[in-house]
Trainee: 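I am attaching a structure below and will ask some questions about it afterwards.
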Amino acid sequence: MLPEAEAHEHSHADVSGGWLRAAVFGAMDGLVTNTALVAGVGAGGAAAQTVLLSGVASLVAGAISMALGEYTSVTTQNEQLELEVAKERGELERNPEGERHELVALLLAGGVDDDLAERVSVQLSRDPETALRLHVVAEMGLSPEDTPSPKVAALSSFVTFSVGAAVPLLPYLFGLDLLWVALVCGGVGLAVAGALSSRFTPRPWWWSALRQLLFGALAAGTTYLIGSAIGVAVS
């Protein structure tokens with residue numbers, strides 16, 4: 001006799017709170033932005049104080065911009081979802097039978113048998129809010145109950161951008177006027193941030209670390225060449 005299947009508890013990461021994408025984007029953007037800025041300004045022959053001032057200004061401006069951008073984008077996304085939910089609610093009120101048939105089609109597309117799909121649609125349609133939620137999730141791929149928080153996204157991006165942008169400035173903050181040390185700090189920061197982000201993905205840590213390091217190297221290399229060219233032209 002086969003043993004009875006038992007339910008077991010398991011958990012999933014929060015993919016709807018809005019903090020993870022904003023945190024990863026903020027950290028990477030801060031690291032790449034200021035590593036590239038330090039490379040360009042430093043290659044142009046600027047003094048250590050100028051490099052530090054430029055980096056701090058970039059950190060403050062970038063963190064505020066990231067936070068405001070995240071807040072606005074997430075709020076806009078949530079408001080768009082609210083608008084679409086209101087449209088769907090109106091359709092359910094004006095044409096309940098047509099929406100029920102649409103629900104039957106969705107169930108059939110999911111592999112439910114014809115008779116069962118008909119019975120399930122009738123039962124679910126008795127509760128307008130349940131029917132509304134099913135239509136919204138099926139048609140838009142989003143649940144109106146699981147919208148990300150604009151404040152959480154804004155705070156996450158602000159903090160992580162600030163931390164990331166501070167990494168390539170560490171040598172200058174401690175009085176060490178060596179461009180290559182600042183670039184190494186930025187590279188290490190990018191690799192570490194990439195490796196940490198792999199915890200939330202199926203990618204191996206080294207792949208994520210190498211990817212971010214290459215992105216940062218591309219940005220820093222480009223600004224370094226531009227800074228060198230401008231520095232030579234000015235001098």
Trainee: Can any side-chain N or O of Ser157 pair as donor or acceptor with the backbone N or O of Ala154 at less than 3.5 Å?
Mentor: yes

Trainee: Hydrophobic cluster membership, with links at side-chain heavy-atom distances under 4.5 Å among I/L/V/M/F/W/Y: are Leu183 and Val51 in one?
Mentor: yes

Trainee: Assigning hydrophobic clusters by single linkage (Ile, Leu, Val, Met, Phe, Trp, Tyr; side-chain heavy-atom cutoff under 4.5 Å), is Phe161 placed with Met28?
Mentor: no

Trainee: Applying a strict under-4.5 Å side-chain criterion to I, L, V, M, F, W and Y, I'd like to know whether Leu170 and Val56 cluster together.
Mentor: yes

Trainee: Taking the side chain from Asn78 and the backbone from Pro148, do they hold a donor-acceptor pair closer than 3.5 Å?
Mentor: yes

Trainee: Taking atom CD of Gln49 as the centre, does the number of heavy atoms from other residues, nucleotides or ligands within less than 6.0 Å exceed 12?
Mentor: no

Trainee: Between Ser198 and Arg203, does any side-chain donor sit less than 3.5 Å from a side-chain acceptor?
Mentor: no

Trainee: As a quick check of understanding, evaluate side-chain contact (heavy atoms from CB on, under 4.5 Å) for Val122 and Arg119, giving each step before the final call.
Mentor: CA-CA 5 Å; Val122 172; Arg119 295 198 304 272; 5.8 Å; no

Trainee: I'd like to check Pro171 versus Leu178 (side-chain heavy atoms, cut-off strictly below 4.5 Å). Are they in contact?
Mentor: no

Trainee: Mind listing the closest non-hydrogen atom pair of Ala39 and Ala220 along with its distance?
Mentor: CB-O, 3.6 Å

Trainee: Quick one: do Trp206 and Leu213 end up in the same hydrophobic cluster if we chain Ile, Leu, Val, Met, Phe, Trp and Tyr together by side-chain heavy atoms under 4.5 Å apart?
Mentor: no

Trainee: Between Glu91 and Lys87, is there a side-chain heavy-atom distance shorter than 4.5 Å?
Mentor: no

Trainee: Could you measure the distance from the CD atom of Glu70 to the CG atom of Leu155? Nearest 0.5 Å is fine.
Mentor: 11.5 Å

Trainee: How far apart are the closest heavy atoms of Ser162 and Leu59, and which atoms are they?
Mentor: O-CD1, 3.5 Å

Trainee: Do Val74 and Arg21 come within less than 4.5 Å of each other through their side chains, counting heavy atoms only?
Mentor: yes

Trainee: Taking the side chain as C-beta and beyond, is there a heavy-atom pair between Leu210 and Leu214 under 4.5 Å?
Mentor: yes

Trainee: Could you report the tightest heavy-atom contact between Val32 and Gly216, atom names first, then the distance?
Mentor: CG2-CA, 4.3 Å

Trainee: Do you know the tightest heavy-atom contact between Leu179 and Ala43?
Mentor: CD2-N, 3.9 Å

Trainee: With rounding to the nearest 0.5 angstrom, report the CZ to CG distance, Arg100 to Asn95.
Mentor: 11.0 Å

Trainee: Looking at CG of Leu20 and CZ of Arg199, how far apart are the two atoms once the value is rounded to the nearest 0.5 Å?
Mentor: 11.0 Å

Trainee: Would you say the side-chain atoms of Ser58 pair up with the backbone N or O of Ser54, donor to acceptor, closer than 3.5 Å?
Mentor: no

Trainee: Taking side chain as C-beta onward, heavy atoms only, is Met66 less than 4.5 Å from Phe25?
Mentor: yes

Trainee: For the residue pair Asn34 and Val167, establish whether any side-chain heavy-atom pair is separated by less than 4.5 Å.
Mentor: no

Trainee: Do you know which two heavy atoms are closest between Leu108 and Ala117, and how far apart they sit?
Mentor: CD2-CB, 3.9 Å

Trainee: Any donor-acceptor pair under 3.5 Å linking the side chain of Ser65 with the backbone of Ala61?
Mentor: no

Trainee: Between atom CG of Asp114 and atom CG of Leu107, what is the distance when rounded to the nearest 0.5 Å?
Mentor: 11.0 Å

Trainee: Give the minimum heavy-atom separation between Ala63 and Phe158, together with the two atoms involved.
Mentor: O-CD1, 3.4 Å

Trainee: Does any N or O in the side chain of Thr75 come within less than 3.5 Å of the main-chain N or O of Thr72, such that one atom is a donor and the other an acceptor?
Mentor: no

Trainee: Looking at Thr223 and Ala36, would you say the former's side chain and the latter's main chain have a donor-acceptor pair under 3.5 Å?
Mentor: yes

Trainee: What is the distance from atom CG of Leu116 to atom OG of Ser121, rounded to the nearest 0.5 Å?
Mentor: 9.5 Å

Trainee: Mark yes or no for whether Ser156, through its side chain, and Ala153, through its backbone, hold a donor-acceptor pair below 3.5 Å.
Mentor: no

Trainee: Which distance, rounded to the nearest 0.5 Å, do you find between the CD of Glu79 and the CG of Leu83?
Mentor: 9.5 Å

Trainee: Are Tyr172 and Tyr224 co-members of a hydrophobic cluster defined by side-chain heavy atoms under 4.5 Å apart?
Mentor: yes

